[in-house]
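Only one structure is covered here, and it is reproduced in the block below.
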Amino acid sequence: MSKVLIIAEHNGVTLNQSTARCVSCALELAPDCIDILVLGSDCSGPASEAAGLKGVTRVRTITSEANAHPLSAVLAPQIAAVAPGYDYVLGPSTTFGKDLMPRVAALLGTGQVSDIMSVDGPRRFRRPVYAGNVIVSLEVPEGRQVVATVRTASFPAGAPGDSPVAVEETATDATIPTHTRFRELRTAGGDRPDLQTARIVVSGGRGVGGAEGFEKLYSLAGQLGAAVGASRAAVDAGYVPNELQVGQTGKIIAPELYFAFGISGAIQHLTGIKDAGTIVAVNKDPEAPIFEVADIGLSGDLFEVVSQLEEKLG
Amino acid sequence: MALHHMREVGLKTIMVCLKRVVDYNVRVRPKTDGSGVQTEGLKMSINPFDEIALEEALRIRERGEASEVVVVSIGPEDCQQQLRTGLAMGADSAVLVRSDEALDPPSAARVLLNMIERLEPGLVLMGKQAIDDDCNQTGQMLATLWGRPQATFASKLELSGEVATVTREVDAGLEVIEVDLPAVVTTDLRLNEPRYVKLPDIMKAKKKPIDTVAIEDLGIDTTPAFQVLAHTAPEPRARGRMVRNVDELLAELRERGLVN
Ligand SMILES: Cc1cc2nc3c(=O)[nH]c(=O)nc-3n(C[C@H](O)[C@H](O)[C@H](O)COP(=O)(O)OP(=O)(O)OC[C@H]3O[C@@H](n4cnc5c(N)ncnc54)[C@H](O)[C@@H]3O)c2cc1C
């Protein structure tokens, strides 16, 4: 009998796709049961989506005003109260899960496997270290609860189930601290496709030269139905907001098609795109390291290439 | 008394954790027998995120909001080099917890908790992740064991009385939270740009104290939570092809069925 608990990521309205990817990872553990735990001030939307995921046994909710925003110090004790009896507690390796899961692990007195990229057995996992330059295989000793984050780019989003499973409200007697308070969330948002789930991503680096240059990438992205991403250098220079950063310390993504315009190909950037289907690199420097990993390389001025692409696709 | 003191100089002590890691510019490879990574002779540095943490602590002290900055490292004797760099940047004193074995995040958090008990900091600053194991756990685990708040992935930090307001880089954008002090804050890349160390600072730093503690003397359980079986190289991506112009690029993309 092995049981998995997955901590749902959501925005109060919809379930983040990262949760479905955790379910795909959990299925590889061949467990007897997979429960999803939704914490929120109104769990109904995310819970009903979670209930429709294939492979899920049950959805549990903890509804409380305190859970209106995902504050780890608030959520972790409630998760730790529910966790006994589960062999695995999984969360996504997004900023939500990275912040939360170590807190859960510490409360449960165990360690955490960060960024599971593959499951080699019920207690054997692989994870990247050194910005993906080295892969570690590790084993969690028998009898130790496994707390882990799932590298979402390594697992598919999965299919919907045949019919939705039950949703049950759960009560805990966890003490909720008041030392951590939410103030605001500033998001550029808009109706552009989400960087983490888009089929095509158009990314720019320092070579794009500024916010005006990025307008051209946004326009091409619009034409392709693509999301826009960026290197750290482009974010640091203030061309685009932080949530667009792709890489070791930004988002790890796996689109079918990735365009790198004016990105040199630093290892910290490449680790964020190594699971992309096709990588296209456009760089005026024919020696740029990005060409070593690109499936298709074009040496030239990115602005000329972007405007020709727009014209020829249009 | 204590409260009066707090109001006058802000925090007494900021503890900053510095990890010695292979420099970010070096490409690391697994050992041929898979037992670890080849680090011999490689350039070692302060984990870049921890350097940002130290810079932030120094700025807080320089604004008069804290009176001292103590840097702490866990690792072999060679960590003295990174602590010296930290002292040259401006830290007031340093503690090395000497351990020849690399610790996993839960063990590191237990050791750092012990340091907190000794130093009684009003704020602990550290990088959001170390660029060697890329775990992104220690700060959160430390905050939990300490029973205090955490504010991870900080890109802005403001202190006012006994509260810190922290802007965090999250997937959706920027989140602002408020935490009561003491707390653990982990730093992201855009919090600041660390200062360069100048030669006179290096000379001055030679006189600053580094307190050394042997990890065995702390009586802390440092058994790893997991067993590492092997280190391997990632599957390489096959080298692709160069095209000469946009027409060839589009032809290739259409052949792969990626664009219309
Ligand atoms: C701890 C740490 C974490 C990091 N994390 C990340 C991360 O998560 N993500 C990330 O991306 N980086 C990260 N970095 C930074 C990384 O090391 C590189 O500095 C960064 O990726 C470089 O960005 P870039 O390629 O845009 O800039 P550059 O390296 O400056 O490259 C710009 C490229 O643009 C080309 N170019 C210029 N003009 C044109 C033109 N008109 N047409 C075509 N090409 C042109 C140039 O030839 C050059 O190759 C991290 C670094 C550290 C230390």
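All values reported here derive from a predicted model rather than from experimental measurement. These numbers come from the heavy atoms of this one structure, side chains and all, not from hydrogens, waters or symmetry mates. In what follows, chains carry the letters A, B, and so on, assigned in the order in which the sequence lines appear, proteins first and then strands, with residues in each chain numbered from 1.
When heavy atoms are compared at a cutoff of 4.5 Å, A/L71 approaches chain B solely by way of its side chain, counted from C-beta outward. With a threshold of 4.5 angstrom between heavy atoms, A/S299 approaches chain B through its backbone and through its side chain. Contacts of A/A294 with chain B are made by backbone atoms alone, with heavy-atom separations under 4.5 Å and no side-chain atom involved. Contacts of B/V37 with chain A are made by side-chain atoms alone, with heavy-atom separations under 4.5 Å and no backbone atom involved. If you measure heavy-atom distances from B/P30 to chain A, the contacts under 4.5 Å come from both the backbone and the side chain. Looking at A/F291, both its backbone and its side chain come within 4.5 Å of chain B, counting heavy atoms on both sides. In this structure, the portion of B/Q129 lying under 4.5 Å from any heavy atom of chain A is its side chain and not its backbone. With a 4.5 Å cut-off on non-hydrogen atoms, A/L107 touches chain B through its backbone and its side chain both. Heavy-atom distances place the side chain of A/I200, and not its backbone, under 4.5 Å from chain B. For A/E304, no part lies under 4.5 angstrom from a heavy atom of chain B. If you measure heavy-atom distances from B/P149 to chain A, the contacts under 4.5 Å come from both the backbone and the side chain. Using a 4.5 Å cut-off between heavy atoms, B/R190 contacts chain A through its side chain alone, with no backbone atom that close. For a residue to count as touching a neighbouring chain, one of its non-hydrogen atoms must lie under 4.5 Å from one of that chain's; by this rule B/R110 does not touch chain A. Contacts between B/N25 and chain A at a heavy-atom distance below 4.5 Å are absent for every atom of the residue. In this structure, chain A has a heavy atom under 4.5 Å from the backbone of B/R29, while its side chain stays farther away. Within the 4.5 angstrom heavy-atom criterion, only side-chain atoms of B/F49, from C-beta onward, approach chain A. The part of B/T165 that comes within reach of chain A is its side chain, from C-beta onward, which places non-hydrogen atoms under 4.5 angstrom from that chain. With a threshold of 4.5 angstrom between heavy atoms, B/V28 approaches chain A through its backbone and through its side chain. For B/T167, the part sitting under 4.5 Å from any heavy atom of chain A is the side chain, from C-beta outward, and nothing else. Residue contact with chain A, scored on non-hydrogen atoms closer than 4.5 Å, involves the side chain of B/V163 exclusively. With a threshold of 4.5 angstrom between heavy atoms, A/K312 approaches chain B through its backbone and through its side chain. In this structure, no portion of A/V104 lies under 4.5 Å from any heavy atom of chain B. Heavy atoms of B/A143 lying under 4.5 Å from chain A belong to its backbone as well as its side chain.
Interface check for chain B: of the options A/L224, A/V146, A/D236, A/V293, the most heavy-atom pairs under 4.5 Å are formed by A/D236. Ranked by heavy-atom pairs under 4.5 Å with chain A, the list B/I131, B/T186, B/N260, B/D188 is led by B/I131. Counting heavy-atom pairs under 4.5 Å between each of B/E235, B/H231, B/M242, B/E252 and chain A puts B/M242 at the top. Heavy-atom pairs under 4.5 Å with chain B peak, among A/V282, A/V235, A/D115, A/N11, at A/V235. The residue among B/N245, B/L142, B/V21, B/L181 with the most heavy atom pairs within less than 4.5 Å of chain A is B/N245. With respect to chain A, the highest number of heavy-atom pairs below 4.5 Å among B/L253, B/V179, B/V246, B/L250 belongs to B/V246. Interface check for chain B: of the options A/R232, A/E256, A/R181, the most heavy-atom pairs under 4.5 Å are formed by A/R181. When the candidates A/R103, A/R183, A/E292, A/K98 are compared by the number of heavy-atom contacts under 4.5 Å with chain B, A/R103 comes out ahead. Of the listed residues (B/Q140, B/Q227, B/R27, B/R237), the one with the most heavy-atom contacts under 4.5 Å to chain A is B/R237. Ranked by heavy-atom pairs under 4.5 Å with chain A, the first of B/V22, B/V228, B/D132 is B/D132.
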Verify side chain to side chain contact (heavy atoms under 4.5 Å, CB included) between A/F182 and B/E175, making sure each step is shown before the conclusion.
-> CA-CA 8 Å; A/F182 175 85; B/E175 183 189 70; 3.8 Å; yes
Go through the steps for A/T249 and B/K128 under the test side chain to side chain contact (heavy atoms under 4.5 Å, CB included), then give the verdict.
-> CA-CA 9 Å; A/T249 56; B/K128 73 167 181 180; 3.8 Å; yes
Checking side chain to side chain contact (heavy atoms under 4.5 Å, CB included) for the pair A/I296/B/R256: CA distance, chi angles, key distance, verdict?
-> CA-CA 11 Å; A/I296 311 173; B/R256 293 169 183 237; 4.0 Å; yes
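Contact annotation: the side chain of A/T271 never approaches that of B/D134 to less than 4.5 Å [non-hydrogen atoms, C-beta and beyond]. In this structure the side chain of A/Q112 never reaches within 4.5 angstrom of the side chain of B/C135, judged on heavy atoms.
Side-chain atoms of A/N242 come within 3.5 Å of backbone N or O of B/G173 as a donor-acceptor pair. Counting only distance, with no hydrogens or angles, the side chain of B/Q150 and the backbone of A/D99 share a donor-acceptor pair below 3.5 Å.
Take B/E158 and apply the salt bridge (Lys or Arg N to Asp or Glu O under 4.0 Å) test, not counting sequence neighbours, and it matches no residue. Checked against side chain to side chain contact (heavy atoms under 4.5 Å, CB included), B/P76 has the following partners two or more places apart in sequence or in another chain: B/C79, B/D100.
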